[in-house]
Amino acid sequence: MERDTRAAVDAFAAGRLSRRTFIRRMSALGVSATGIASVLAACGGGGTQPTSAASPQATSSGGTAGAQVSGDIVLYKGPFSENEAQQIEALLAGFNEQQPGISVTREEFAFEAMAEEFPTKFLSDTPPDVSTVPDLVYGQWVERGAFEDLTPYVTDPSWQQEFGAIPEDIWDIARAADGKIYGVPWWGVVLAMLFVNRDLLERAGVTDVNSSVDAFAAAARQVSDLGDDIFGFTIRTDQFNPAAFDWAAWLHTSGGRLLNDDWTACAVDTPGARQTFQTLSELISQDQASPPPGAYDAQGLQDLFVGGRVGIAHDDNGFVATLRDQDPGFEYDVVAVPPGPDGNHATGMWGVGLLTMSSRSQNKAAAWELMKYLTSADVVVEYFQQVSLLPNRTDVADRMFADDPYAAKVVQEILPGSQGWQLHPDLNEMLGRAQPVFDTLYRGQTPSAEALAEVCTVVEGVI
Amino acid sequence: MDDHAPPAVPAPRRLTGAEHRRLARRYRLRRTLQAYAFLAPNLFFFGLFLVVPSIWLLLVTFQSGGVYGEAQFVGLDNWRQLFVDPLVTQTMRNTLLLAAMSIPALFVVGLGLALLLRNIGRGGPALRAALYFPTLTPLVIIGSIWLFLVHPDFGALNLGIRALGGDTVNWLGDTAIALPTIAMVEVWRGMGFWALFFLAGLLALPEELYQAAHLDGTNAWQRLRYLTLPLMRPVFLFAAIVAIFYTLQVFDTVFVMTDGGPANSTATVAWYVYKSIYVYDQAGFGASLSFILLLMILGLTLGALRLLRSRMDG
């Protein structure tokens with residue numbers, strides 16, 4: 001290993017390795033971020049420089065020139081992969097090279113334990129300066145005053161090119177009820193896509209999977225008829241996250257939304273949604289074209305698909321990477337969720353994660369520098385490719401997943417038109433209380449009209 | 001005249017009534033102070049970690065917010081909400097059902113294992129350690145083990161059922177079966193603890209009674225029925241109380257395995273308290289609900305105490 005390290009250092013010093021490749025290789029060899037930074041410093045920081053928004057321009061509210069910012073800050077982040085530590089340390093080494101005066105300490109939380117970990121962190125005397133916050137809890141913490149109003153930062157003229165790289169409708173997701181922006185949309189997940197087993201579909205004689213909900217249902221039934229251990233389709237049903245994201249996709253495609261435009265009433269119960277969810281309910285509970293609800297967790301459903309027992313699987317873009325790494329041995333494809341009964345709606349569901357700055361950060365200028373670096377095009381391309389997440393920036397789509405036709409299809413064909421949650425402060429509670437109603441719907445215990453009306457009662461009760 | 005005669009002892013002075021009362025008072029005071037001095041460390045922590053938080057919690061029941069933001073006095077709103085929220089009734093029913101299923105099963109299985117362990121000589125310690133293993137296992141691992149056990153395709157339970165000609169059971173996904181499945185996990189998890197607990201009780205029983213009963217020609221069932229069970233009543237009394245307040249507070253198994261689903265069929269009171277405070281940001285409502293849980297535990301514990309005491313007296 002020592003020889004490999006030496007060779008990497010020599011190649012970097014000789015200019016044969018780019019700075020980014022060098023950092024990645026050193027991380028893979030187990031060299032710490034501090035070690036990498038020392039080598040970079042010793043080599044004069046050679047190699048390719050990233051074109052980051054953090055280039056030493058005057059920042060907005062921070063008011064300090066990028067190159068002159070200094071201080072200690074904390075990045076509080078949930079893991080995106082099993083190699084989180086290595087990957088983030090490598091990113092921070094790059095940041096450290098740009099901003100040698102800023103020392104970033106990385107702290108990690110578990111996404112599944114946000115409810116317990118966020119309060120202890122965000123309410124402490126020393127809250128983390130920069131945090132990664134999923135959409136489900138963003139509104140809640142905005143309401144609690146945990147985050148700095150970033151509107152002056154993101155609308156500063158010096159950052160307009162970066163601001164424009166993120167579509168306006170995604171900025172709308174980040175806009176709180178008061179119209180202010182408290183987080184920069186960073187990562188995204190497409191939660192409305194169908195993975196189809198082409199071999200099974202061919203055996204069943206299916207040619208149309210997603211031209212309409214009826215075509216989808218017919219395809220699922222045909223595949224299911226192939227055998228007792230073959231399922232026409234799967235949808236995640238076991239726990240509200242990710243089950244809620246899956247039903248949201250079908251809701252959006254059928255012209256419904258969780259809330260109306262001004263968040264004052266429920267907008268779930270539409271004629272299209274009633275029809276779509278009744279079809280889903282019958283497919284699951286009567287036709288048994290899907291595994292019994294709750295029998296398999298999300299991982300179990302993926303295993304069923306990889307095992308060749310599922311014709312159509314509703315999953316997210318993370319599954320693209322799984323299938324890439326774990327060749328299932330059959331022809332497969334990714335397609336969008338079908339349009340709803342009137343055929344004229346958004347195609348699905350888009351989950352967003354945001355970078356936020358603590359309202360009590362002692363070093364907001366340094367925190368903003370880190371946020372600018374993490375959201376910059378080069379960093380997003382490099383990091384998100386490693387962790388199979390999608391960017392909210394549209395200007396990097398063609399640079400990403402060039403060697404992955406399925407991921408490219410997701411970005412180019414499925415993502416456009418998708419809608420995210422409306423980030424109401426009580427979104428988490430609404431979804432938590434609505435999911436049991438969908439449980440009864442999927443089990444055929446409640447007709448869709450009754451179930452959607454009940455969801456509205458629950459949601460409006462929370463509002 | 002005897003020079004060595006002991007000096008005359010003056011006759012003891014009789015205490016006046018007032019002096020007697022004063023000394024008695026001082027004696028009682030000294031004894032009381034000594035008792036409090038010995039109790040003080042315990043009382044200090046009891047007050048600090050139980051009484052003060054309980055009073056604080058009671059105050060929170062009349063407030064909205066207070067944990068994440070400024071508290072607002074809302075009077076009895078949170079208590080009123082307890083009576084209109086259908087999930088409160090459902091979580092209470094689920095919690096009581098869970099206790100009704102798991103506690104008797106725990107006692108039967110635990111006592112059965114303890115009786116077996118008492119008679120095992122070689123390998124006994126190893127068996128005891130093995131039985132205690134589930135109690136020591138982190139719940140995340142227990143969850144994984146059980147997710148494998150109840151898996152529809154290759155789970156041991158379903159393999160067994162299918163081998164006997166039955167249909168695959170949707171253990172955690174069927175609204176009628178999910179709660180009994182949680183009870184099953186609780187029994188599996190607690191049986192080692194209760195087996196050792198009951199074994200300790202069994203080993204403390206007087207051996208001569210069993211010898212006498214044996215000489216009288218009793219069989220094993222009669223010794224169990226007329227000796228072991230009556231003699232074990234004090235142990236059962238304590239066990240019942242501990243099991244009640246433990247089972248009524250079940251949270252982690254539900255949280256890890258079902259998160260209250262499907263359709264709230266496994267939602268327990270403790271789970272709903274957690275959701276209310278941490279996820280739904282309703283600390284006041286969660287505090288009120290936890291007071292209800294406290295009352296449930298107190299009521300059931302007192303009931304168990306009275307029932308078992310009356311039987312012991314009988």
Side-chain angles (χ1 to χ4, degrees), chain A residues 110 112-120 122-123 136-137 139-141 143-146 228-229 231 237-241 243 284 291-297 299-300 303-304 307 309 425-433 435-443 445-446 451 454 457-458 461-462, chain B residues 65-70 81 84-87 90-91 94 140 143-144 146-148 150-155 158 162 167-178 181 251 254-267 271-272 274-283 285-286:
Chain A
E112 61 275 17
M114 283 184 301
E116 302 85 12
E117 295 190 34
F118 276 15
T120 55
F122 292 159
L123 299 174
L136 281 179
V137 296
Q140 192 176 39
W141 285 101
E143 193 189 39
R144 290 170 182 168
D228 286 346
D229 60 343
F231 298 110
T237 54
D238 64 324
Q239 295 199 356
F240 98 82
N241 183 3
I284 298 170
Y296 297 88
D297 59 10
Q299 178 64 52
D303 292 343
L304 281 181
R309 292 178 55 192
D426 297 318
L427 172 66
N428 222 7
E429 180 175 0
M430 290 173 192
L431 299 180
R433 292 189 186 276
Q435 184 57 41
V437 185
F438 281 95
D439 288 345
T440 62
L441 170 78
Y442 288 148
R443 284 163 177 78
Q445 295 164 351
T446 316
E454 198 178 332
T457 306
V458 165
V462 175
Chain B
V67 176
Y68 302 115
E70 204 170 309
Q81 198 187 334
V84 295
D85 184 347
L87 191 50
Q90 186 167 0
T91 54
N94 289 345
V140 176
S144 303
W146 273 86
L147 288 177
F148 275 111
V150 302
H151 193 280
D153 296 328
F154 53 80
N158 276 321
R162 281 199 294 270
D167 288 333
T168 299
V169 175
N170 189 2
W171 294 98
L172 291 172
D174 189 320
T175 48
I177 300 174
T181 306
F251 164 75
V254 170
F255 184 68
V256 168
M257 297 194 71
T258 59
D259 198 23
N264 290 328
S265 62
T266 59
W271 173 88
Y272 196 26
Y274 162 83
K275 282 276 175 187
S276 301
I277 294 175
Y278 283 101
V279 183
Y280 300 162
D281 200 5
Q282 295 178 354
F285 177 73

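Order of the sequence lines sets the chain letters (A, B, ...), proteins ahead of strands, with each chain counted from 1.
Between the CZ atom in R144(A) and the CG atom in D281(B) there is a gap of 4.0 Å [rounded to 0.5 Å]. To the nearest 0.5 Å, the span separating OH on Y280(B) from CZ on R433(A) amounts to 5.0 Å. With values rounded to the nearest 0.5 angstrom, M114(A) atom CE is found 15.0 Å from Y278(B) atom OH. Separating the CG atom in N428(A) from the NZ atom in K275(B) is a distance of 7.0 Å, to the nearest 0.5 Å. Taken from OG1 in T440(A) to CG in N264(B), the straight-line distance is 10.0 Å, to the nearest 0.5 Å.
Only the side chain of D85(B) comes within contact range of chain A, with heavy atoms under 4.5 Å apart. Contacts between T168(B) and chain A at a heavy-atom distance below 4.5 Å are absent for every atom of the residue. If you measure heavy-atom distances from L136(A) to chain B, you find no contacts under 4.5 Å at all.
In this structure A243(A) satisfies the side-chain contact (heavy atoms from CB on, under 4.5 Å) test together with Q435(A), sequence neighbours excluded. Residues meeting the side chain to side chain donor-acceptor pair (under 3.5 Å) test with Q282(B), sequence neighbours left out: E429(A).
With respect to chain A, the highest number of heavy-atom pairs below 4.5 Å among V150(B), D153(B), L147(B) belongs to D153(B).
By the 6.0 Å contact criterion, CG on D167(B) is open, its count of non-hydrogen atoms from other residues, nucleotides or ligands being 12 or less.
Heavy atoms only, all atoms of each residue included: A115(A) and V279(B) are closest at CB-CG2, 4.0 Å.
Between the side chain of R443(A) and the backbone N or O of G173(B), at least one donor-acceptor pair lies under 3.5 Å. Side chain of N170(B) to backbone of P293(A): a donor-acceptor contact under 3.5 angstrom is found.
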